[in-house]
Amino acid sequence: MITRDDIRNIGVIAHVDHGKTTLVDTLFQQAGVYADHMKIQERAMDSNELEREKGITIFAKNAAISWRDVKVNIVDTPGHADFGGEVQRILKMVDGALLLVDAVDGPMPQTKYVLAKALEMGLCPIVVINKIDRRDARPMWALDQVFELFDTLGANDRQLDFTTVYTSAKQGLATLDPEKPGENMTPLLDAIVDRSPAPQVPKGPFQMLVSSAEYSDYLGRMAIGRIHRGSLSLGDVVTRITKDGKNVDGKVVKLFSYNGMGKSEIEKAEAGEIVVVAGMKDLEIGETLASRETPEALPAMDIDEPTVAMKFLVNTSPLAGKSGEKITSRRLGDRLERETRSNLALRIDRSGDGEAFKVSGRGELHLAILIETMRRENLEFAVSRPEIITQVVDGKLMEPEETAVVDVDETHTGKVMERMGLRKGVLTEMGTAGPGRARLEFSIPARGLIGAHSELMTETRGSATISHVFSRFIPFSGPIEVRRNGSLISQEAGVATGYAIDKLGDRGVFFIEPGQQVYEGMVVGEANKQGDLVVNICKGKKLTNMRAAAADDTMRLAPPRLMSLEQTVEYLSDDELAEITPGELRIRKRQLNEEDRKKSRKQLAAS
């Protein structure tokens, strides 16, 4: 084995919103990535439009800095449990990791998930207790919780002897002693170089696992990965070993290494370096690039199985094609298949009739990001309610269980326990999450979490935050009543009137405004009671030759409930679809005609 002392490859892993991207920004600034004339951009690694809007990291990204003549390749990973597939494949590319933990929150569900994956791969993370500048920071408590988590996950002695650095990424400070304020990020940068292992590379011909990929309009699809052994030069002809074992030769037309947030063209790269290779047609993540003379495949990536599925269908509503591009099932299938090439945690299955596609992922947000991405590509389609993927083990039906952590104001803890209890949640731990805040930990079937976030936000007046991560499979726990009220359904096609909305105001809450186009079978609101209610939302006021009183002309309409994509998907019942268009989101019944729905209900009752 050869040691590359001039390189460090590290991944930054943490729970969502614990400060990964801000920390990387600060490392860029203090390692000299930005020249004096360059504008310093906040959250520079969150380059995707959706990431900036939602304030979370969705896609793993590479960058590099130089410190003490050592090149440090940094990979920023997503913090949300739904994007765990990104974390898993990126950890294959690094030799060390920075585990970020919030000094107030301590380890959260995703912290446990990413740490477990890192320890399984034999990594020895450097623990970074971040946000020590907060008034309610408790860094020593957080450190104790991290140590307990390492021990619970079965860390070996080498992993338990982790280095701890205390930081305030926002202020650009790091220290090895929380009682002694730091002046800059030097202690963390030194720890990365001194305590993060250098790549140990075996001797032999070229070999590289494709851990990620990106697309260029000029160079096509490019492979990203760490060279496992050997070297690679510009112009080399190498063999791409596909997942089904076929060997396909290709020429390296461009070779890049990371430099700051960008890439630099290079002539040659040695084992241990993270590179970008152009010239391999139709490559997929998880394939191996190897020497043409001795092509040997590296072990394939093991990605956790999906837990949630939704059906994607062609949009067949009367308003299809009005605000976006109406697509065929073939085009929809091609777009979904293309997504699986880079999104390894995604699974696509075509239904028996060929018109619908069952798309499986790691969670609601995972699938919602895909839906929003396709929506921004000006595509129109429909999706069904999320459903949990079950398994049959020894003749027993098993379903996924999740660990959910809810932080909420202490005055609302009773409401949270009541709502989670109705969803088959079991309270396993209760503690404090800062002054006036409580932390409740539940074991709950994954089915019970569908729609839970919106409900808890309403019940706690916006004070609840919920995070969850997959725990295990448990025996099926019976029916869970997720939505108690029915829907208000439009009786006919037309334009919604303020008069009709005003008269129907005591029947429920509306999702639409006066003047909005509706059609028969479209869901226009949520009823106050159980059971669906068909309403005439297009009814206008009868005109007469009698003068009306001024009071009759005044209507005070309640504001409509405008829902985000995630809220729209959570609202759906089994017989409803969400109509996804670039311009707006609509909810509709699968069967638009009321008589057809009545027949289906009778047939279901008879069976």
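- Rounding to the nearest 0.5 angstrom, the gap separating the CG atom in Leu565 from the CG atom in Leu367 is 10.5 Å.
- Here the closest non-hydrogen pair linking Leu504 and Asn536 is CD1-O, 4.0 Å.
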Start with the C-alpha gap between Lys112 and Val469, add the side-chain angles, then the distance that decides, and say whether side chain to side chain contact (heavy atoms under 4.5 Å, CB included) holds.
CA-CA 9 Å; Lys112 181 177 180 180; Val469 68; 5.7 Å; no
Side chain to side chain contact (heavy atoms under 4.5 Å, CB included) for Glu364 and Glu570? Distances and angles first, verdict last.
CA-CA 9 Å; Glu364 284 180 82; Glu570 287 178 349; 3.1 Å; yes
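- The shortest non-hydrogen separation linking Val383 to Leu572 is O-CD1, 3.9 Å.
- A donor-acceptor pair is defined here as one N or O able to donate and one able to accept, closer than 3.5 Å; such a pair exists between the side chain of Arg597 and the backbone of Gln591.
- Listed for the Arg590 side chain is a donor-acceptor partner under 3.5 Å among the backbone atoms of Asp574.
- For the pair Ile13 and Lys117, the minimum side-chain heavy-atom distance is 4.5 Å or more.
- Ionic pairing of Asp105 and Arg439 is present here: one or more N-O contacts between side-chain nitrogen and carboxylate oxygen are shorter than 4.0 angstrom.
- Between Ile537 atom CD1 and Ile501 atom CD1 the span is 4.5 Å, to the nearest 0.5 Å.
- Classification of Glu401 and Arg472 as a salt-bridged pair holds, one side-chain N sitting under 4.0 Å from a carboxylate O.
- The side-chain heavy atoms of Thr497 and Pro514, taken from C-beta on, include no pair separated by under 4.5 Å.
- Using a 4.5 Å heavy-atom threshold, the side chains of Leu336 and Thr340 count as separate.
- For Glu595 and Lys599, the salt-bridge test fails: no basic side-chain N is under 4.0 Å from an acidic carboxylate O.
- Between the Thr390 side chain and the Glu399 main chain, no donor and acceptor come within less than 3.5 Å of each other.
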Mind running side chain to side chain donor-acceptor pair (under 3.5 Å) on Ser323 and Glu584 for me, showing each step along the way?
CA-CA 8 Å; Ser323 64; Glu584 58 184 303; 6.0 Å; no
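- Side-chain contact of Thr21 with Asp76: a donor-acceptor pair under 3.5 Å is present, judged by distance alone.
- Ion pair Arg601/Asp575 not flagged as a salt bridge, since none of the NZ, NE, NH1 or NH2 atoms sits closer than 4.0 Å to an Asp/Glu carboxylate oxygen.
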Side chain to side chain contact (heavy atoms under 4.5 Å, CB included) between Val416 and Glu459: does it pass, once the steps are laid out?
CA-CA 8 Å; Val416 172; Glu459 296 290 343; over 6 Å; no
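- The distance from the OG1 atom of Thr465 to the NE2 atom of His453 is 7.5 Å, given to the nearest 0.5 Å.
- Pairing each heavy atom of Phe357 with each of Ile348, the nearest pair is CD2-CG2, 4.3 Å.
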Please report the C-alpha distance between His468 and Val405 in whole Å, then the side-chain angles of each, then the deciding distance to 0.1 Å, and finally whether the side chain to side chain contact (heavy atoms under 4.5 Å, CB included) criterion is met.
CA-CA 6 Å; His468 53 90; Val405 174; over 6 Å; no
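- Not one N or O on the side chain of Thr22 forms a donor-acceptor pair closer than 3.5 Å with the backbone of Lys170.
- Met374 has its side chain out of reach of Ile580: every pair of non-hydrogen atoms, C-beta onward, lies at least 4.5 Å apart.
- Within 6.0 Å of the NZ atom in Lys424, the count of heavy atoms belonging to other residues, nucleotides or ligands exceeds 12.
- Between Thr307 and Ile389, every side-chain heavy-atom pair lies at or beyond the 4.5 Å cut-off.
- Counting heavy atoms from C-beta on, the side chains of Leu346 and His366 come closer than 4.5 Å.
- Checking side-chain atoms of Arg556 against main-chain N and O of Ala558 turns up no donor-acceptor pair under 3.5 Å.
- Atom CD of Glu418 has more than 12 neighbouring heavy atoms from other residues, nucleotides or ligands inside a 6.0 Å radius.
- In this structure a side-chain-to-backbone donor-acceptor pair under 3.5 Å is present from Arg447 to Gly478.
- In this structure, the side chains of Ser463 and Arg437 come closer than 4.5 Å at one or more pairs of heavy atoms.
- Contact between Ile327 and Glu380 at its shortest, heavy atoms only, is CG1-O, 3.4 Å.
- The side chain to side chain contact (heavy atoms under 4.5 Å, CB included) test with Met522 is passed by exactly one of Ile587, Ile512, Leu488: Ile512.
- Under the 3.5 Å distance criterion, the side-chain polar atoms of Ser317 are matched with a main-chain donor or acceptor of Leu319.
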What's the verdict on side chain to side chain donor-acceptor pair (under 3.5 Å) for Arg335 and Thr373, showing C-alpha distance, side-chain angles and the deciding distance?
CA-CA 11 Å; Arg335 174 62 184 85; Thr373 302; 5.7 Å; no
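- Residue Gly324 comes nearest to Asn378 through the heavy atom pair CA-OD1, 3.6 Å, listed as atom of the first residue, atom of the second, then distance.
- Closest non-hydrogen pair, Ala404 versus Met420, comes out as CB-CE, 4.2 Å.
- Residue Glu513 holds its CD atom at 6.0 Å from CG of Leu562, rounded to the nearest 0.5 Å.
- Between atom OG of residue Ser467 and atom CD of residue Gln110 there is a gap of 9.0 Å, rounded to the nearest 0.5 Å.
- The salt bridge (Lys or Arg N to Asp or Glu O under 4.0 Å) test with Asp532 singles out one residue from Lys598, Lys589, Arg507, and that residue is Lys589.
- The existence of a salt bridge linking Asp102 and Lys131 is confirmed by a sub-4.0 Å separation between a basic side-chain nitrogen and an acidic carboxylate oxygen.
- Glu120 pairs by the salt bridge (charged side-chain N to carboxylate O under 4.0 Å, His left out) definition with nothing, not counting sequence neighbours.
- Side-chain contact between Arg461 and Asp409 is absent, with no heavy atoms from C-beta onward closer than 4.5 Å.
- A donor-acceptor pair is defined here as one N or O able to donate and one able to accept, closer than 3.5 Å; no such pair exists between the side chain of Arg347 and the backbone of Ser360.
- Taking the six-membered ring where the residue is Trp, Phe511 and Tyr571 present perpendicular rings, their angle passing 60° and hence far from 30°.
- With hydrogens and angles disregarded, a donor-acceptor distance shorter than 3.5 Å links the side chain of Arg138 to the backbone of Val104.
- For the atom pair CG of Leu149 and CG of Asp144, the computed distance is 12.5 Å after rounding to the nearest 0.5 Å.
- Without hydrogens or angle criteria, His412 side chain to Val408 main chain gives no donor-acceptor distance under 3.5 Å.
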